[in-house]
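Letters A, B, ... are given to chains in the order of the sequence lines, protein chains preceding strands, and every chain is numbered from 1.
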There are 2 protein chains.
Amino acid sequence: MKKRLMARSVDTRVRILDAAETMLAERGIEATSMRAITSSARVNLAAVNYHFGSKEGLIIAVYGRRLGPVNQERLAMLDAAERAAERPTLDAILRSYIAPVMQLIHDPARGGEIFMRLLGRALYEPGDYLGQLFREEMEPMLNRFTIALQSCLPHLTSEELFWRMHFGGGALAYTCAQIHRLELLSKGACNPQDVQGVISRLVDFIAAGMLSGERLAMTKNG
Amino acid sequence: MKKRLMARSVDTRVRILDAAETMLAERGIEATSMRAITSSARVNLAAVNYHFGSKEGLIIAVYGRRLGPVNQERLAMLDAAERAAERPTLDAILRSYIAPVMQLIHDPARGGEIFMRLLGRALYEPGDYLGQLFREEMEPMLNRFTIALQSCLPHLTSEELFWRMHFGGGALAYTCAQIHRLELLSKGACNPQDVQGVISRLVDFIAAGMLSGERLAMTKNG
DNA sequence: GTCTATATCCTGATAGAC
DNA sequence: GTCTATCAGGATATAGAC
């Protein structure tokens, strides 16, 4: 990590990161130019290359500063669930994964709704900007959740579990990325600002999907 | 629609559309330049503007030529299900929506896996490229499926149904967009080429989610 | 319908003064 | 650390010959 020796440079770094975060969430990586970012942040164009080396370095920094805290909260919630019961419920495991992301809506200090949307888009972004960062930041956390789900759903083969985690991840990513449009798309029928409601609905939906056809799926370890 | 008077121009049009389809699915709209498309299609750069007017016109044409047939097949399957039984099952409705998309994998004449991936990315693309096209092509079809689901799940409020359709749509979109990576991501545990297996798993997962907490959700029309 | 050539603007990145 | 000026190349789009 880069040292922060001067107060002014911290300001500049943060202003660039904040502006980039917003524009990347709204337009995507390729559609966001460094000129648009520096103009919005009211810093000089050359400041991006000075502080982050390149556009790719900036993108990685934008995701990097927020991803760690979210994943640490996920693991902390899973830890707490595992301390509270020898085998945590499916609902508790799913909630540990989902709540820290959805609660970003009311946590501007960690990126707020903007970073939530950015996170939802991450796997749809082209190129190799994020490959290494996600392997480092996401894989260890995902491995722990996979193990927790396996002991909760021992009748599922690893293939079945993978498919269902994938479907659940899709529902979550889509919700994060589209959260700002849902009220409009539903013609006012739903209220995305009711964070606890959204979390509970997502947990219920995915838990039901994870448990579907429990009787028929007992082909192993039953 | 533009008339096709000369054999040569049809070739050029189609070669551009095919090349664009592939590159858009792999890199996204903003990351794909017209130079890359025309170079891959081995036609002249100016041909895009001659045939499609602009890059945006090309993008709309790429989606436009494939979206209609897929949605018509969805509606045809729903029609058949409604002829076969007065009230089609939830599984039959979901399968009508999902199967025509997933079966693209083995239907190169309708765009194959490439268009399926492109479709999965559509709602994540920045800008207003596709707004009007989707309002025209998707909304009437979605309205029919909404009605079918409502009569199948009468205990759900329209808010609840919207949320669950949204979650299911996210699972489907994610699967379409990531299909080519699933074998790698699962370290060989799953086989995305087993189309019928993927369809059945998606239908089962989403149906279970749609039905979740049926007893608790009876707040209307029970 | 197709092509070459070009117009006009934007892109990421850097050198060098301050 | 910040700034101006600039580079080299890429972007979409078009004019005009064939």
Side-chain angles (χ1 to χ4, degrees), chain A residues 1-24 26-65 125-131, chain B residues 1-24 26-63 65 125-130:
Chain A
M1 283 296 144
K2 192 161 177 44
K3 286 181 188 168
R4 288 134 188 195
L5 298 173
M6 307 252 169
R8 187 65 205 283
S9 82
V10 174
D11 275 5
T12 299
R13 276 182 64 94
V14 172
R15 290 230 306 281
I16 293 173
L17 288 171
D18 288 344
E21 189 170 58
T22 300
M23 306 193 96
L24 292 173
E26 283 171 355
R27 313 182 196 180
I29 293 178
E30 299 286 343
T32 304
S33 70
M34 286 171 43
R35 278 178 170 80
I37 293 168
T38 52
S39 160
S40 163
R42 299 205 290 171
V43 303
N44 190 273
L45 171 62
V48 171
N49 290 289
Y50 177 80
H51 285 287
F52 304 100
S54 64
K55 181 178 179 178
E56 177 162 2
L58 169 60
I59 309 296
I60 292 172
V62 167
Y63 277 90
R65 78 170 165 164
E125 289 288 356
D128 286 329
Y129 289 99
L130 303 172
Chain B
M1 281 297 140
K2 194 165 175 40
K3 287 182 187 166
R4 288 135 187 192
L5 298 172
M6 306 253 168
R8 189 65 207 283
S9 82
V10 173
D11 275 6
T12 300
R13 276 182 64 94
V14 172
R15 290 229 306 282
I16 293 172
L17 288 170
D18 288 344
E21 189 171 57
T22 300
M23 305 193 97
L24 292 172
E26 283 171 355
R27 314 183 195 178
I29 293 179
E30 297 287 343
T32 304
S33 69
M34 284 171 43
R35 278 179 168 77
I37 292 167
T38 52
S39 159
S40 162
R42 300 206 291 170
V43 303
N44 191 274
L45 172 61
V48 171
N49 290 289
Y50 177 79
H51 285 287
F52 304 100
S54 65
K55 180 178 179 179
E56 179 163 1
L58 170 60
I59 309 295
I60 292 173
V62 167
Y63 277 90
R65 78 170 165 163
E125 289 288 355
D128 286 328
Y129 289 99
L130 303 172

(request) Take atom CZ of R15(A) and atom P of dG1(D), then tell me their distance rounded to the nearest Å. (result) 14 Å
(request) Calculate the interatomic distance between H51(B) atom NE2 and dC3(C) atom C1'; express it in whole Å. (result) 12 Å
(request) Starting at CD1 of I60(B), measure out to NZ of K55(B) and round the result to the nearest 0.5 Å. (result) 12.5 Å
(request) Sugar-phosphate atoms are those with a prime plus P, OP1 and OP2; base atoms are the rest. Using that split, label each nucleotide of nucleotides 11-18 of chain C B, S or - for protein heavy atoms under 4.0 Å, 5' to 3'. (result) BBBB----
(message) So that I can tick it off, tell me whether D18(B) and R65(B) are bridged by a salt bridge, with the cut-off set at under 4.0 angstrom between side-chain N and carboxylate O.
(response) yes
(message) Tell me the interatomic distance from I16(B), atom CD1, to dG1(C), atom P, rounded to whole angstroms.
(response) 12 Å
(request) Mind calculating the distance between CD1 (I37(B)) and P (dA13(D)) to the nearest angstrom? (result) 11 Å
(request) Output the distance between atom CG (L17(A)) and atom CZ (F52(A)), rounded to the nearest 0.5 Å. (result) 4.0 Å
(message) Taking the basic N atoms (NZ, or NE/NH1/NH2) and the acidic carboxylate oxygens, is any pair closer than 4.0 Å for R27(B) and E30(A)?
(response) no
(message) As an exercise, state the distance from CD of E56(B) to CD1 of I29(B), rounded to the nearest 0.5 Å.
(response) 9.0 Å
Solution key, residues 33-41 of chain B side-chain donor-acceptor pairs under 3.5 Å, sequence neighbours excluded:
| unit_1 | atom_1 | unit_2 | atom_2 | d |
| --- | --- | --- | --- | --- |
| S33(B) | OG | A36(B) | N | 3.1 |
| T38(B) | OG1 | M34(B) | O | 2.9 |
| T38(B) | OG1 | R35(B) | O | 3.2 |

